[in-house]
Each structure stands twice: as C-alpha cells, then as structure tokens.
Amino acid sequence: MTQEHYQVPPQDVAQYWHLFNPLIQKAIDKSGNTDFTLDGIFNRLITNVWQLFIVLKDGELSLIYVTQVISFDSYNVLNVVFISSVDTKKIDMKYLQKALEETAGIFNCRKIIGGGRKAWLKALKKFGYKDVTYMEKEL
C-alpha cells in the first residue's frame, strides 16, 4: 500500500470542487462548526488564504485536509481546519501525522494546532498533541 499527499494548487480547486465540496461539508456537519460556509471556504482556497491537501492511498483519494498558516511575530503555526475521509474509510493516523508535519515544514511552521471533535484528542495524544484551554464569547 502506498500513500502520498499533495497540495491542490489554488488554480485547480474549482476544477475538482465537486470532489472536495462533499468532504468539506461532511467535516462541517460532524464538527458542528457553523462558523464557515462552503462558499467562504471555496474563496479562501482559491486565493490560497487556506490550503487544500489530498491524501491518495494506492492512487485513490483517501482523505483531504484543509490548513491555514497563522503568522506570529517569531514563528508560524499550521492550523488544521478540516480533515475528512472518503466514505467511511479509516484514517491512517500515523501517515496523517507525517503528512501534517511535512506540510508544516513547507510553510516553516513551528507548531500544529487544530480543533474538532473530542475523539481527535484521544487519537492524537500518542503523537504528542496536548489539550489546551480555549475561551470563546459570543458578542
């Protein structure tokens, strides 16, 4: 079994949007995050404000992940916005971690952060992730 990951160039996102749109919608639905719309996500991807990556397993689309690079004064952070697998395929967490670390390296990031369902934390703790406090207040 071979796995590989690639960034979808921003200029190619529209051409393949019919493949990625349902996967991103699935991630939105599972996370319960209503802060984003598909149109907004599409616009961020085609302008490279966010980045879209695909993981191929034996040449077939296995999962996608969407990232955002956040720049601080002294370093960059890779924010993993969405992860979504095709159908109900099990995610190879070891490979996903490798892909995320390589992606972080491309953008010269010192940290990887992300949110999502609580189950992600349990799965990611063995890769060195920790739970940090996050505050939110609606205005």
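- When all heavy atoms of L63 and S85 are compared, the pair lying nearest together is CB-CA, 3.7 Å.
- Note: the hydrophobic cluster containing F36 also contains F20 (ILVMFWY, side chain heavy atoms under 4.5 Å, direct or indirect links).
- The backbone N or O of F107 sits less than 3.5 Å from a side-chain atom of N76, completing a donor-acceptor pair.
- Judged by distance alone, with hydrogens and angles left aside, the side-chain atoms of D58 form a donor-acceptor pair with the main-chain N or O of T2 at under 3.5 Å.
- Judged by distance alone, the side chains of Y6 and E4 do bring a donor and an acceptor atom under 3.5 Å apart.
- Side-chain contact between V77 and C109: absent, with no pair of heavy atoms (C-beta onward) separated by less than 4.5 Å.
- Nearest heavy-atom pair, K57 versus Q3, reported as atom, atom and distance to 0.1 Å: CE-OE1, 3.5 Å.
- Rounding to the nearest 0.5 Å gives a distance of 9.0 Å between OG1 of T103 and CD of Q51.
- Of all heavy-atom pairs between S74 and R110, the closest is O-NH1, 4.0 Å.
- Linking Ile, Leu, Val, Met, Phe, Trp and Tyr whenever their side-chain heavy atoms come within less than 4.5 Å puts L19 and V86 in one cluster.
- Looking at Q25 and N21, their side chains never bring a donor and an acceptor atom within 3.5 Å of each other.
- For the pair I54 and V8, the tightest heavy-atom approach, listed with the atom from each and the gap, is CG2-CG2, 3.7 Å.
- How far CD1 of I83 is from CD1 of I24: 12.5 Å, rounded to the nearest 0.5 Å.
- The shortest non-hydrogen separation linking I46 to P10 is O-CB, 3.5 Å.
- Residues G114 and N79 come closest through the heavy atom pair CA-OD1, 3.8 Å.
- Looking only at side-chain heavy atoms (C-beta outward), I64 and V55 stay at 4.5 Å or farther from each other.
- Under a hydrophobic clustering in which Ile, Leu, Val, Met, Phe, Trp and Tyr are joined whenever their side-chain heavy atoms come within less than 4.5 Å, directly or via other members, W50 and V13 fall into the same cluster.
- The main-chain N or O of K94 is found under 3.5 Å from a side-chain atom of D92 such that the two form a donor-acceptor pair.
- Under the 4.5 Å side-chain heavy-atom criterion for grouping Ile, Leu, Val, Met, Phe, Trp and Tyr, L52 is not connected to I91 through any hydrophobic cluster.
- Counting heavy atoms from C-beta on, the side chains of L78 and I70 never come closer than 4.5 Å.
- In this pair, Y65 and H5 present their aromatic rings tilted. The plane angle is within the 30 to 60° band.
- Side-chain atoms of F82 and L23, non-hydrogen and from C-beta on, never get closer than 4.5 Å to each other.
- The backbone N or O of D39 sits less than 3.5 Å from a side-chain atom of N43, completing a donor-acceptor pair.
- Under a cut-off of 6.0 angstrom, the local environment of CD in E60 is sparse, with at most 12 non-hydrogen atoms contributed by other residues, nucleotides or ligands.
- Following chains of ILVMFWY side-chain contacts shorter than 4.5 Å, one cannot reach V69 starting from V81, and the two form parts of different hydrophobic clusters.
- For K26 (side chain) and D87 (main-chain N/O), a donor-acceptor pair under 3.5 Å exists by modelled atom type.
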Does the side chain to side chain contact (heavy atoms under 4.5 Å, CB included) test come out yes or no for L96 and L100, once each step is laid out?
CA-CA 6 Å; L96 176 60; L100 291 174; 4.1 Å; yes
